[in-house]
Amino acid sequence: LNLKQGITKTIGVIVPEMITPFAAEVISGIQALLNKYGYKIIIGNSEENSQKEADNILLMDNFMVDGIIICPCDYKANIKIYEALQVRNFPLVFYDRIPHELDATYVAVDDYHESFFMVEHLIRHKRNKIVYLQGPKSIYNSKIRAKGYKDALSKFKIPFNPKLVVETGMTFDDGKIAVENLLNDKTSFDAIFSFSELLALGAMNCLKLNKVDIPNQVAVATFSGTFLSTVVYPQLSSVEQPLRIMGQTAADLILEKIKD
């Protein structure tokens, strides 16, 4: 890695996907703040692929950006690249997803408590067979949200059923297939809590195709909600993160690092 500092007035932003409005909202917040200080951004999309993420970092290297804001797609895969940047004191800020076991600057919501409260909400609405579509274990947040899910069940003395925790990918089809498998296996459930909005939308699609009444038979709730959660019918119950503020905070942190 051969990244230079403070000479291009350009910041690299690497996102894991650009299908939902999630990344666009964060980028909007980043751009709004950086524009005030004369900075431009270069956007790279890793498409939830750690090699593409590494390639994007190297692309930023070639453009000699002054810093990188990144949402990692895998908390382990590119750890050595992050560490190499840190050794060079290169400005690096993470957002949303946590680079576990790396002493890094990041902006994120409280995954544990937000998950706990959403599952508690489902339980208080008389749901006690709650599926958790976990997403991939390579995203550390999925493990933190799983703990919130388990602890909410424990609070209400609902036995934990490992069959209701489904590790998935991150796409619409992954959510759809996960629920299709549950239905085919005759697994009994009355709610779904999803790691991400796209998974939840896929789950809802499968339920509708199988004529399952949402929310009367199965309620669906999700983390990482955007306006898409409000335009589907019925609307998704969601944890809506302050995405523009998250982007602005990340931008502010990267500027502080550049000044230092």
Side-chain angles (χ1 to χ4, degrees), residues 11 13-34 41 43 45-48 53 68-75 92-100 104-122 132-149 151-152 168-172 174-175 192-204 219-232 235-254:
I11 303 296
V13 179
I14 301 176
V15 302
E17 59 88 15
M18 296 193 74
I19 298 170
T20 71
F22 190 99
E25 284 292 306
V26 175
I27 290 169
S28 180
I30 292 171
Q31 202 159 24
L33 190 135
L34 291 181
I41 64 173
I43 301 170
N45 180 8
S46 71
E47 298 179 351
E48 300 289 2
E53 178 183 290
I68 294 176
I69 299 171
I70 181 171
C71 180
C73 59
D74 186 311
Y75 76 93
L92 184 64
V93 173
F94 296 86
Y95 77 88
D96 185 41
R97 299 179 187 174
I98 300 168
H100 185 56
T105 301
Y106 64 88
V107 184
V109 299
D110 188 335
D111 286 273
Y112 171 79
H113 284 102
E114 293 288 0
S115 295
F116 182 98
F117 293 141
M118 182 55 81
V119 175
E120 181 180 52
H121 169 78
L122 290 169
Y132 174 42
L133 299 183
Q134 182 170 340
K137 290 181 180 178
S138 57
I139 301 175
Y140 195 73
N141 306 52
S142 72
K143 299 181 180 182
I144 300 174
R145 294 174 195 177
K147 188 176 188 320
Y149 162 84
D151 287 355
T168 69
M170 288 292 290
T171 69
F172 177 94
D174 289 327
I192 295 172
F193 174 54
S194 175
F195 175 77
S196 72
E197 186 176 62
L198 207 53
L199 287 172
L201 293 173
M204 287 182 69
V220 184
T222 186
F223 214 98
S224 304
T226 70
F227 83 88
L228 289 181
S229 292
T230 68
V231 299
V232 294
Q235 291 189 4
L236 263 171
S237 298
S238 66
V239 177
E240 294 185 9
Q241 295 154 276
L243 301 178
R244 285 181 63 89
I245 294 173
M246 183 183 291
Q248 290 170 352
T249 304
D252 190 52
L253 290 170
I254 205 78

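The figures that follow rest on heavy atoms only: side chains count, while hydrogens, waters and symmetry mates do not.
- Applying the salt bridge (Lys or Arg N to Asp or Glu O under 4.0 Å) test to E240 and every residue at least two apart in sequence or in another chain returns nothing.
- When the side chain to side chain donor-acceptor pair (under 3.5 Å) test is applied to E47, the partners found at least two apart in sequence or on another chain are K52.
- Within a 6.0 Å sphere centred on CZ of F172, heavy atoms belonging to other residues, nucleotides or ligands number more than 12.
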Query raised in the report: Checking side chain to side chain contact (heavy atoms under 4.5 Å, CB included) for the pair S238/E197: CA distance, chi angles, key distance, verdict?
Result: CA-CA 8 Å; S238 66; E197 186 176 62; 5.8 Å; no

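- Counting only heavy atoms from C-beta outward, the side chains of T222 and S229 approach each other to under 4.5 Å.
- When the options V231, L243, L198, L236 are evaluated for a side chain to side chain contact (heavy atoms under 4.5 Å, CB included) with T226, the one that passes is L243.
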Query - Intermediate values then yes/no, side chain to side chain contact (heavy atoms under 4.5 Å, CB included), L199 and T168 - result: CA-CA 9 Å; L199 287 172; T168 69; 3.4 Å; yes

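- Across all non-hydrogen atoms, the minimal contact from Q134 to S142 is O-CB, 3.1 Å.
- A salt bridge (Lys or Arg N to Asp or Glu O under 4.0 Å) check over residues 243-252, counting only residues at least two apart or in different chains, returns nothing.
- By the side chain to side chain contact (heavy atoms under 4.5 Å, CB included) test, E17 is found to be paired with I19, T20, F22, E48, residues two or more places apart in sequence or in another chain being considered.
- In terms of modelled atom types and a separation under 3.5 Å, the side chain of R97 and the main chain of P72 share a donor-acceptor contact.
- Remark: T171 engages D173, D174 in a side chain to side chain contact (heavy atoms under 4.5 Å, CB included) (not counting sequence neighbours).
- Closest of all the heavy-atom pairs between C73 and I139 is O-CG1, 3.6 Å.
- Distance alone, capped at 3.5 Å, is enough to place a donor-acceptor pair between the N141 side chain and the D96 backbone.
- Not counting sequence neighbours, the partners of A251 by the side chain to side chain contact (heavy atoms under 4.5 Å, CB included) test are I30, L33, L34.
- By the ring pair (Phe, Tyr, Trp, His ring centres under 6.0 Å) test, F195 is found to be paired with no residue, residues two or more places apart in sequence or in another chain being considered.
- Residues that satisfy the side chain to side chain donor-acceptor pair (under 3.5 Å) test with S224, not counting sequence neighbours, are Q241.
- Minimum heavy-atom separation, L228 to P21: CD1-CD, 3.5 Å.
- Remark: the backbone N or O of E53 is not paired with any side-chain donor or acceptor of S46 at under 3.5 angstrom.
- Between F223 and S194 the shortest side-chain heavy-atom distance does not fall below 4.5 Å.
- Across Y95 and V15, no two heavy atoms sit closer than the pair OH-CG1, 3.3 Å.
- Here T105 pairs with V93, L253, K257 under the side chain to side chain contact (heavy atoms under 4.5 Å, CB included) rule; sequence neighbours left out.
- The minimum heavy-atom distance between M246 and V107, with the atom names listed, is CG-CG1, 3.7 Å.
- In this structure Y132 satisfies the ring pair (Phe, Tyr, Trp, His ring centres under 6.0 Å) test together with Y149, F193, sequence neighbours excluded.
- Y75 pairs by the ring pair (Phe, Tyr, Trp, His ring centres under 6.0 Å) definition with H100, Y140, not counting sequence neighbours.
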Report task. Show the numbers, then the answer: is there a side chain to side chain contact (heavy atoms under 4.5 Å, CB included) between I69 and I14? Result -> CA-CA 6 Å; I69 299 171; I14 301 176; over 6 Å; no

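- Of all the heavy atoms in I192 and A203, the pair that sits closest is CD1-CB, 4.1 Å.
- In terms of modelled atom types and a separation under 3.5 Å, the side chain of S28 and the main chain of A24 share no donor-acceptor contact.
- Counting heavy atoms from C-beta outward, I11 and I68 have side chains that stay 4.5 Å or more apart.
- Sorted by first and then second residue, the salt bridge (Lys or Arg N to Asp or Glu O under 4.0 Å) pairs involving residues 106-120 (not counting sequence neighbours) are D111-R145, E120-R124, E120-K155.
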